[in-house]
Amino acid sequence: MAFRNLMLTSGGMILYAKAQQGKLLHLSRVGVGDGLLTGGDSMVNRSRLKSERASYLIDNIYINTSSSSAEILTTMRNDELEEGFYFRELGIFAVDPDSGEEQLYLYDNAGQDGEYIPAASENVKVIERLKMIVRLENTPNVTFTASGNPLYLTVDDIDDNAESPHSLWSSFKISEFIKESGEGKQDVLKGKPGQLVGFSENGQAESQDIFKLIPITLAASDWMGDFAPFTQSLTVNGVLEDETKQGIWATPKSESLTPWNDAAILAVKQGPDSLTFQARRKPDLDIFGFVLVLKVGA
């Protein structure tokens, strides 16, 4: 592939301007296609891919506030692809916060250098993680429709030379660090199965109360409001009102992934032991999911 630079479309520029005014920037999906641009085709003045062949929800978004950029991750698969194609087009779609309509937000085209993606019937399995780095300057309200895919680590995610709090080291580097850390520090990690264990400042092993995973049910009968957005509040033990002290992520169980995404459900407000959810469309069945409560600074 020879994708060079995702560009804001004309519609994307409008959405970006609204986001800088504090409005919600909701990224809905990633589209791929095989369209070739001709002399009369524009990278900017377009509302869709020229020839869309597949669409994928977003796995995760990592926002780097220091560089005003974000890494958008999605997983491209061919297990449901009926016909092979050349992967030439890449587009990120977003929802207009005022109209609720989906717009092509960012676009790139690889031209003749597109990679061939075989159909499922060709017995060649493709599972490819796409990482797209985009600028999100002065856009504090960014959400996305989650795919529910697991977030696999790759070699690129491991950096044994990094020293920042969120760095990922290899198991070899961790074991060497433990052994070389001086007197009083153990050479193995000890703890109960499933327990998160780390070190205190003195090098002693201690339990790490880092996160809680809490099951939730959004009952179809409990959505409030006659018009979108509809809201529903749940009791979620452990949630704090102060957003700076913990990270909150809400995600559907696999059985509820489709209705969750169809309703565009988001957790929009937290309070003492409570979360308020918002839906653009009122679900007609109960939806099951999880809330992950992560301690800030863990």
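Only heavy atoms go into these numbers, but all of them, side chains included; no hydrogens, no water, no symmetry mates. Because the structure is a prediction, the values reported are computed rather than measured.
Under a hydrophobic clustering in which Ile, Leu, Val, Met, Phe, Trp and Tyr are joined whenever their side-chain heavy atoms come within less than 4.5 Å, directly or via other members, Leu234 and Ile248 fall into the same cluster. Hydrophobic clustering, with ILVMFWY side chains joined whenever heavy atoms are under 4.5 angstrom apart, keeps Val293 apart from Leu240. Leu49 is connected to Tyr56 through a chain of hydrophobic side-chain contacts under 4.5 Å among Ile, Leu, Val, Met, Phe, Trp and Tyr, so both are in one cluster. Hydrophobic cluster membership differs between Leu57 and Phe87, with clusters built from Ile, Leu, Val, Met, Phe, Trp and Tyr side chains linked at under 4.5 angstrom. Hydrophobic clustering, with ILVMFWY side chains joined whenever heavy atoms are under 4.5 angstrom apart, groups Trp223 together with Ile216.
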| request: Step by step, work out the side-chain hydrogen bond (donor to acceptor under 3.5 Å, both in side chains) result for Thr276 and Ser233. | output: CA-CA 4 Å; Thr276 299; Ser233 295; 3.0 Å; yes
| request: Just do the side chain to side chain contact (heavy atoms under 4.5 Å, CB included) check on Met132 and Thr74 with the steps written out, would you? | output: CA-CA 9 Å; Met132 296 148 283; Thr74 191; 3.8 Å; yes
| Verdict with reasoning, Tyr105 to Phe93, per ring pair (Phe, Tyr, Trp, His ring centres under 6.0 Å) | CA-CA 5 Å; Tyr105 180 62; Phe93 291 81; over 10 Å; no
| said: side chain to side chain contact (heavy atoms under 4.5 Å, CB included), that's the test. Do Arg129 and Met76 meet it? Break it down for me. | reply: CA-CA 6 Å; Arg129 186 169 75 166; Met76 182 170 64; over 6 Å; no
| request: Begin from the C-alpha positions of Ile58 and Thr145 and carry the test side chain to side chain contact (heavy atoms under 4.5 Å, CB included) through to its verdict. | output: CA-CA 6 Å; Ile58 295 169; Thr145 305; over 6 Å; no
| query | Step by step, would you call Phe3 with Tyr107 a ring pair (Phe, Tyr, Trp, His ring centres under 6.0 Å)? | reply | CA-CA 10 Å; Phe3 292 106; Tyr107 180 79; 8.9 Å; no
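In summary, of the residues considered (Ile61, Asn60, Ile133), a side-chain contact (heavy atoms from CB on, under 4.5 Å) with Glu71 occurs for Ile133 alone. Across Leu81, Asn123, Val124, a single residue satisfies side-chain contact (heavy atoms from CB on, under 4.5 Å) together with Pro118, and that is Val124. Among the candidates Gln103, Lys23, Lys18, the single residue satisfying the side chain to side chain donor-acceptor pair (under 3.5 Å) test with Asp96 is Lys18.
Looking at Lys131 and Ile72, their side chains never come closer than 4.5 Å, going by heavy atoms from C-beta outward. Residues Tyr86 and Ile117 form no side-chain contact, since every pair of their non-hydrogen atoms from C-beta on lies 4.5 Å or further apart. At a threshold of 4.5 Å between non-hydrogen side-chain atoms, the residues Ile265 and Ile287 count as touching. Within the 4.5 Å cutoff, the side chain of Asp113 has heavy atoms near those of the Arg4 side chain. The closest side-chain heavy-atom distance from Tyr16 to Leu25 is not below 4.5 Å. His26 places a side-chain heavy atom less than 4.5 Å from the side chain of Leu266. Using a 4.5 Å cut-off on side-chain heavy atoms (C-beta onward), Arg77 and Lys125 make contact. Leu90 places a side-chain heavy atom less than 4.5 Å from the side chain of Leu6.
Side-chain N/O atoms of Ser274 and Thr235 include no donor and acceptor closer than 3.5 Å. For the residue pair Thr75/Asp59, the side-chain donor-acceptor check at 3.5 Å is satisfied. Side-chain contact, Thr231 with Gln278: no donor N or O sits under 3.5 Å from an acceptor N or O. Between Ser55 and Arg29, the side chains place a donor N or O and an acceptor N or O closer than 3.5 Å (distance only, hydrogens not considered).
When every heavy atom of Tyr116 is checked against every heavy atom of Glu122, the shortest pair comes out as OH-OE2, 2.8 Å. The nearest pair of heavy atoms linking Pro259 to Leu285 is CB-CD2, 4.1 Å. Nearest approach of Ala267 to Ala250, heavy atoms of both residues: CB-CB, 4.2 Å. Of all heavy-atom pairs between Thr9 and Gly12, the closest is OG1-N, 2.9 Å. Shortest non-hydrogen contact noted between Ala94 and Leu27 is CB-CD2, 3.8 Å. What you find for Gly84 and Ala119 is that their closest heavy atoms are N-CB, 3.5 Å.
Counting only distance, with no hydrogens or angles, the side chain of Asp108 and the backbone of Asn5 share a donor-acceptor pair below 3.5 Å. Between the side chain of Glu241 and the backbone N or O of Pro272 there is no donor-acceptor pair closer than 3.5 Å. Thr217 places no side-chain N or O within 3.5 Å of a backbone atom of Ala219 that could act as its donor or acceptor partner.
Rounding to the nearest 0.5 Å places CE of Met7 at 11.5 Å from CZ of Arg46. With rounding to the nearest 0.5 angstrom, the CG atom of Leu15 is 12.0 Å from the CD atom of Gln20. Rounding to the nearest 0.5 Å gives a distance of 6.5 Å between CG of Leu36 and CG of Asn109. One distance of note links NZ of Lys282 with CD of Gln232; it measures 10.5 Å at 0.5 Å rounding. Atom CG of Leu106 and atom CD1 of Ile92 lie 5.0 Å apart (nearest 0.5 Å). How far CG of Asp284 is from OG of Ser221: 12.0 Å, rounded to the nearest 0.5 Å.
One finds a salt bridge joining Asp41 and Lys50 here, because a Lys/Arg side-chain nitrogen approaches an Asp/Glu carboxylate oxygen to under 4.0 Å. Note on Arg53 versus Asp34: salt bridge recorded, some NZ/NE/NH1/NH2 to OD/OE distance being below 4.0 Å.
Residue-environment remark: CD (Gln21) exceeds the threshold of 12 foreign heavy atoms within 6.0 Å. For Arg48, the CZ atom sits in a loose shell: 12 or fewer heavy atoms of surrounding residues, nucleotides or ligands are nearer than 6.0 Å. Residue Ile14 places its CD1 atom among 12 or fewer non-hydrogen atoms of other residues, nucleotides or ligands, all under 6.0 Å distant.
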